[in-house]
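The structure under discussion appears below in the form of structure tokens.
The residues of the chain are indexed from 1 along the displayed sequence.
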Amino acid sequence: QVQLVESGGGVVQPGDSLRLSCAVSGRIFSVMGWFRQAPGKEREFVAAIRRTADTALYADFVKGRFTISRDDAKNTVHLQMNILKPEDTAVYFCAADTSAVTKRARSYDYWGQGTQVTVSS
């Protein structure tokens with residue numbers, strides 16, 4: 001049975017850093033991604049990575065601050081978030097796909113329950 005469990009969220013001040021983790025069980029996926037959703041807004045793409053870890057895709061608004069990585073031996077994906085801004089406040093979701101790296105949320109077949117990230121002073 002496939003299960004994705006996120007961790008690492010919390011409350012931080014602007015400019016701080018957090019590292020999110022997603023533990024995957026039940027299956028090995030070729031593509032893993034991160035999405036986020038703020039209250040009243042649609043879920044938006046953050047980053048995605050292929051299993052080989054040499055191909056990654058980022059949303060323009062996080063590129064240069066966030067880094068996605070994965071440990072295939074542990075079947076875990078991470079999102080290192082630096083220089084956090086108030087607009088980064090959202091629930092962050094881990095997602096899994098079986099084929100192409102994509103920004104489309106509907107293309108991902110499996111989702112975690114999310115972890116809350118709050119950036120405020």
Side-chain angles (χ1 to χ4, degrees):
Q1 185 175 17
V2 174
Q3 186 172 6
L4 283 65
V5 181
E6 302 96 334
S7 63
V11 180
V12 298
Q13 297 182 3
D16 285 353
S17 298
L18 284 173
R19 191 173 88 137
L20 306 183
S21 297
C22 175
V24 182
S25 62
R27 188 173 297 177
I28 297 175
F29 297 98
S30 62
V31 177
M32 298 291 299
W34 287 96
F35 290 75
R36 69 186 187 185
Q37 187 168 21
K41 298 184 181 296
E42 294 186 355
R43 189 166 299 185
E44 64 180 351
F45 173 80
V46 177
I49 189 168
R50 196 172 297 280
R51 189 176 186 274
T52 59
D54 61 355
T55 302
L57 181 66
Y58 295 94
D60 289 341
F61 52 82
V62 301
K63 193 169 185 177
R65 298 188 297 124
F66 293 7
T67 302
I68 188 172
S69 63
R70 64 189 296 174
D71 185 337
D72 291 331
K74 298 180 179 180
N75 208 13
T76 302
V77 63
H78 305 280
L79 183 69
Q80 178 66 45
M81 305 186 296
N82 299 323
I83 318 176
L84 284 163
K85 305 174 181 180
E87 52 262 44
D88 294 320
T89 297
V91 176
Y92 283 72
F93 297 91
C94 178
D97 193 17
T98 58
S99 56
V101 175
T102 177
K103 298 179 179 180
R104 299 188 301 273
R106 68 177 185 273
S107 296
Y108 290 79
D109 297 323
Y110 302 96
W111 296 83
Q113 294 299 306
T115 185
Q116 177 70 48
V117 172
T118 301
V119 185
S120 67
S121 59

**Item:** Taking every non-hydrogen atom, the tightest pair across V5 and Q3
**Value:** CG2-NE2, 3.7 Å

**Asked** Is there a donor-acceptor pair closer than 3.5 Å between any side-chain N or O of N75 and the backbone N or O of R27?
**Response** yes

**Item:** Closest approach of R36 to A90 (non-hydrogen atoms, all atoms of both residues)
**Value:** CB-CB, 3.9 Å

**Request:** Can you see which heavy atom on L4 is nearest to which on V24, and at what distance?
**Result:** CG-CG2, 4.2 Å

**Asked** Nearest 0.5 Å, what's the CG-CD1 distance between L57 and I49?
**Response** 11.0 Å

**Prompt:** Taking atom OG of S69 and atom CE of M32, what is their separation to the nearest 0.5 Å?
**Reply:** 11.5 Å

**Request:** Give, for atom CD of Q13 and atom CG of L84, the distance between the pair rounded to the nearest 0.5 Å.
**Result:** 11.5 Å

**Request:** To the nearest 0.5 Å, tell me how far K103 NZ sits from Y108 OH.
**Result:** 10.5 Å

**Asked** At their closest point, which heavy atom of V101 faces which heavy atom of A48, and how far apart are they?
**Response** CG1-CB, 3.7 Å

**Message:** Given 3.5 Å as the limit, does a donor-acceptor pair link the side chain of D71 with the main chain of T76, or not?
**Reply:** no

**Request:** Consider only side-chain heavy atoms of I, L, V, M, F, W and Y, link residues closer than 4.5 Å, and tell whether V2 and W34 are in one cluster.
**Result:** yes

**Message:** Tell me the closest heavy-atom pair linking N82 and S17, and the distance in Å.
**Reply:** OD1-OG, 2.9 Å

**Prompt:** Does E87 CD have over 12 foreign heavy atoms under 6.0 Å away?
**Reply:** yes

**Prompt:** Relative to the ring of F45, is the ring of F35 parallel (under 30°), tilted (30 to 60°) or perpendicular (over 60°)?
**Reply:** perpendicular

**Prompt:** Between the main-chain N or O of I68 and the side-chain N or O of Y58, is there a donor-acceptor pair closer than 3.5 Å?
**Reply:** yes

**Spacing of D97 atom CG and R50 atom CZ [to the nearest 0.5 Å]** = 9.5 Å

**Request:** Search all heavy atoms of R65 against all heavy atoms of I83 and return the closest pair with its distance.
**Result:** NH1-O, 3.0 Å

**Asked** How far does OG of S21 sit from CD of Q80, to the nearest 0.5 angstrom?
**Response** 9.5 Å

**Asked** Do you reckon Y92 sits in the same ILVMFWY cluster as F61, going by side-chain contacts under 4.5 Å, direct or chained?
**Response** yes

**Request:** Mark yes or no for whether E6, through its side chain, and T115, through its backbone, hold a donor-acceptor pair below 3.5 Å.
**Result:** no

